[in-house]
Amino acid sequence: MQISKALIGALSVATAFLGSTAAHAEGEVNIYSYRQPELIQPLLDAFTKETGITTNVLFLDKGLVERIQAEGANSPADVILTVDISRLTEAKDAGVTQPVVNETINKDIPEHFRDPDGNWFGLTTRGRVVYASKERVAQDEITYEDLANPKWKGKICTRDGQHSYNVGLFASMIAHHGEAETEKWLAGLRDNLARKPDGGDRDQAKAIFAGECDVALGNSYYVGRMMTNEKEPEQKDWAAAIKVLFPNAKDRGTHVNISGMALAKNAPNKENALKLMEFLSEGEAQKIYAEQVFEYPVLPGVETSEVVKSFGEIKPDTLPLAKIAANRKKASELVDKVGYNEGPQD
Ligand SMILES: [Fe+2]
């Protein structure tokens with residue numbers, strides 16, 4: 001494996017961040033996270049309050065698996081937190097996780113949301129929904145297929161086609177329709193784009209607010225986070241400009257993905273890591289995920305927040321997560337093949 005200069009730089013930062021003694025000290029757990037600190041902090045605070053175990057978070061926006069591989073047997077990573085089934089399976093396939101067989105976790109998390117070998121566990125689900133302009137879009141129902149209809153020409157905004165949220169959706173299209181039909185669909189969607197893919201999901205809502213497009217793809221929880229954002233109150237205006245449409249509600253259901261966790265292969269604080277993993281699967285944490293992160297909890301019986309309920313009920317596509325992971329590579333190749341990120345060609 002090639003280790004870039006940037007990675008080596010990042011490694012020395014990590015050592016400084018985690019501290020050589022802190023990483024192995026009693027009463028600590030080290031978390032490598034793709035999830036933004038603001039999203040997981042309320043959960044970690046509740047965990048520390050309950051157990052007295054301190055949490056150290058290393059946030060990365062890419063290269064998490066490569067990082068743990070490069071650290072090898074001395075990796076301070078205990079728990080991996082990430083989103084997307086592909087990233088969870090990637091971590092397993094790269095050999096940076098270890099199997100967990102734990103009664104509490106297995107009781108909490110339904111079987112179809114966990115790896116059969118216990119190498120990863122889903123904690124929440126989220127829908128890849130359509131944000132539609134309240135002002136300019138009259139219809140209240142939509143399908144993903146419909147997004148390629150020329151009636152939306154110049155009216156759709158999305159983030160980067162290679163982002164895992166989009167690749168997951170496109171992979172589900174391949175699973176349902178095959179590669180050739182998905183390629184046609186993706187080219188149609190590309191030609192309906194108002195501009196080159198750019199920004200995050202929230203930026204697409206902002207673009208609808210600004211009148212740059214009428215329809216966008218975005219994850220469900222961002223709407224809740226925009227609606228309640230006191231730090232950047234302008235996001236409330238973006239949220240107010242859109243309505244949430246659950247695509248394919250009348251047929252196969254809306255594409256969903258998961259956020260999840262895994263136990264790192266060489267976890268130095270394994271016992272504390274397992275305590276954290278149990279905690280995240282149980283009621284209090286699942287409630288925080290619902291109420292503060294606006295996701296759908298996997299623990300049966302934990303209600304979604306009132307804010308999320310206000311979007312309407314989601315009917316999740318029941319396509320097995322493994323099928324999404326299996327079609328991910330093909331989906332990513334199609335994004336390049338049709339030049340999705342170049343924007344409209346026709
Ligand atoms: Fe996200």
Side-chain angles (χ1 to χ4, degrees), residues 36 39 83-84 124-149 151-152 155-159 163-166 168-170 172-173 189 192-194 197 199-230 232-259 289-298 302-319 324:
Q36 291 163 18
L39 296 181
V83 295
D84 193 68
T124 62
T125 68
R126 59 274 295 287
R128 191 113 186 102
V129 300
V130 163
Y131 304 161
S133 164
K134 275 182 191 163
E135 242 173 52
R136 300 181 298 277
V137 176
Q139 68 193 67
D140 288 321
E141 289 174 12
I142 203 159
T143 63
Y144 295 115
E145 289 75 9
D146 186 41
L147 296 176
N149 185 318
K151 79 173 184 182
W152 298 116
K155 294 195 164 136
I156 300 181
C157 285
T158 76
R159 73 192 305 165
H163 189 275
S164 64
Y165 298 161
N166 283 334
L169 169 63
F170 303 158
S172 83
M173 293 297 283
L189 173 58
N192 285 341
L193 292 175
D201 283 355
R202 280 183 260 206
D203 293 305
Q204 317 311 316
K206 184 184 180 186
I208 292 174
F209 169 73
E212 291 164 23
C213 38
D214 291 352
V215 163
L217 282 168
N219 280 357
S220 49
Y221 54 89
Y222 285 120
V223 184
R225 296 198 58 82
M226 289 188 285
M227 284 168 73
T228 58
N229 201 317
E230 299 302 337
E232 286 183 59
E234 63 271 26
Q235 292 193 12
K236 293 182 184 180
D237 296 331
W238 310 348
I242 63 166
K243 55 185 177 183
V244 172
L245 306 185
F246 291 103
N248 301 75
K250 288 269 168 73
D251 47 84
R252 66 176 182 269
T254 298
H255 167 67
V256 292
N257 211 315
I258 56 173
S259 78
Y289 274 124
E291 296 290 337
Q292 294 186 40
V293 194
F294 302 107
E295 295 185 87
Y296 298 99
V298 291
V302 178
E303 298 243 349
T304 52
S305 78
E306 291 301 321
V307 169
V308 174
K309 277 186 197 157
S310 74
F311 309 154
E313 204 173 326
I314 189 168
K315 174 189 163 189
D317 183 349
T318 55
L319 184 75
I324 294 166

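Every value quoted in this text rests on a predicted model; they were computed, and no experiment measured them. In this chain, residues are counted from 1 in sequence order.
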Going from [atom1] on [X] to [atom2] on [Y], what distance comes out if it is rounded to the nearest 0.5 angstrom?
{"X": "Ser220", "Y": "Asn257", "atom1": "OG", "atom2": "CG", "value": "10.5 Å"}
{"X": "Gln235", "Y": "Thr228", "atom1": "CD", "atom2": "OG1", "value": "9.0 Å"}
{"X": "Thr158", "Y": "Leu193", "atom1": "OG1", "atom2": "CG", "value": "5.5 Å"}
{"X": "Lys315", "Y": "Arg252", "atom1": "NZ", "atom2": "CZ", "value": "10.0 Å"}
{"X": "Tyr144", "Y": "Phe170", "atom1": "OH", "atom2": "CZ", "value": "10.5 Å"}
{"X": "Tyr222", "Y": "Gln204", "atom1": "OH", "atom2": "CD", "value": "11.0 Å"}

For [X] against [Y], the heavy-atom pair lying closest together:
{"X": "Ala205", "Y": "Tyr131", "value": "CB-CD1, 4.0 Å"}
{"X": "Ser305", "Y": "Ala290", "value": "CB-O, 3.5 Å"}
{"X": "Ser172", "Y": "Ile324", "value": "CB-CG1, 4.3 Å"}
{"X": "Tyr296", "Y": "Arg126", "value": "CD1-CA, 4.2 Å"}
{"X": "Leu147", "Y": "Val215", "value": "CD2-CG1, 3.8 Å"}
{"X": "Pro316", "Y": "Ile314", "value": "CD-O, 3.6 Å"}

Flag, side chain of [X] to backbone of [Y], donor-acceptor distance under 3.5 Å:
{"X": "Arg159", "Y": "Gly218", "result": "no"}
{"X": "Asn192", "Y": "Leu189", "result": "no"}
{"X": "Lys206", "Y": "Asp237", "result": "no"}
{"X": "Arg225", "Y": "Gln292", "result": "yes"}
{"X": "Arg202", "Y": "Trp238", "result": "no"}

[atom1] ([X]) with more than 12 external heavy atoms under 6.0 Å:
{"X": "Lys243", "atom1": "NZ", "answer": "yes"}
{"X": "Glu313", "atom1": "CD", "answer": "no"}
{"X": "Lys134", "atom1": "NZ", "answer": "yes"}

Margin query: Run Asp317 and Arg128 through salt bridge (Lys or Arg N to Asp or Glu O under 4.0 Å) and show every step you take.
Written below: CA-CA 11 Å; Asp317 183 349; Arg128 191 113 186 102; over 6 Å; no

Next item on the list: Compute whether any side-chain donor of one residue and acceptor of the other, for Asn219 and Glu295, lie under 3.5 angstrom apart.
Entry: no

Check: Any side-chain heavy atom of Asp146 sitting closer than 4.5 Å to one from Trp152?
Finding: yes

Item checked: Side chain to side chain, Thr143 and Pro247, heavy atoms closer than 4.5 Å -> no

Item checked: Test side chain to side chain donor-acceptor pair (under 3.5 Å) applied to Asn248 and His255, Glu141, Glu145, the passing residue ->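 Testing Asn248 for a side chain to side chain donor-acceptor pair (under 3.5 Å) against His255, Glu141, Glu145 leaves exactly one candidate, Glu145.
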
Next item on the list: Walk me through it: do Leu217 and Leu169 pass the test side-chain contact (heavy atoms from CB on, under 4.5 Å)?
Entry: CA-CA 10 Å; Leu217 282 168; Leu169 169 63; 3.8 Å; yes

Next item on the list: Please assess Glu230 against Lys236 for the test side-chain contact (heavy atoms from CB on, under 4.5 Å), listing each intermediate value before the final yes or no.
Entry: CA-CA 9 Å; Glu230 299 302 337; Lys236 293 182 184 180; 2.9 Å; yes

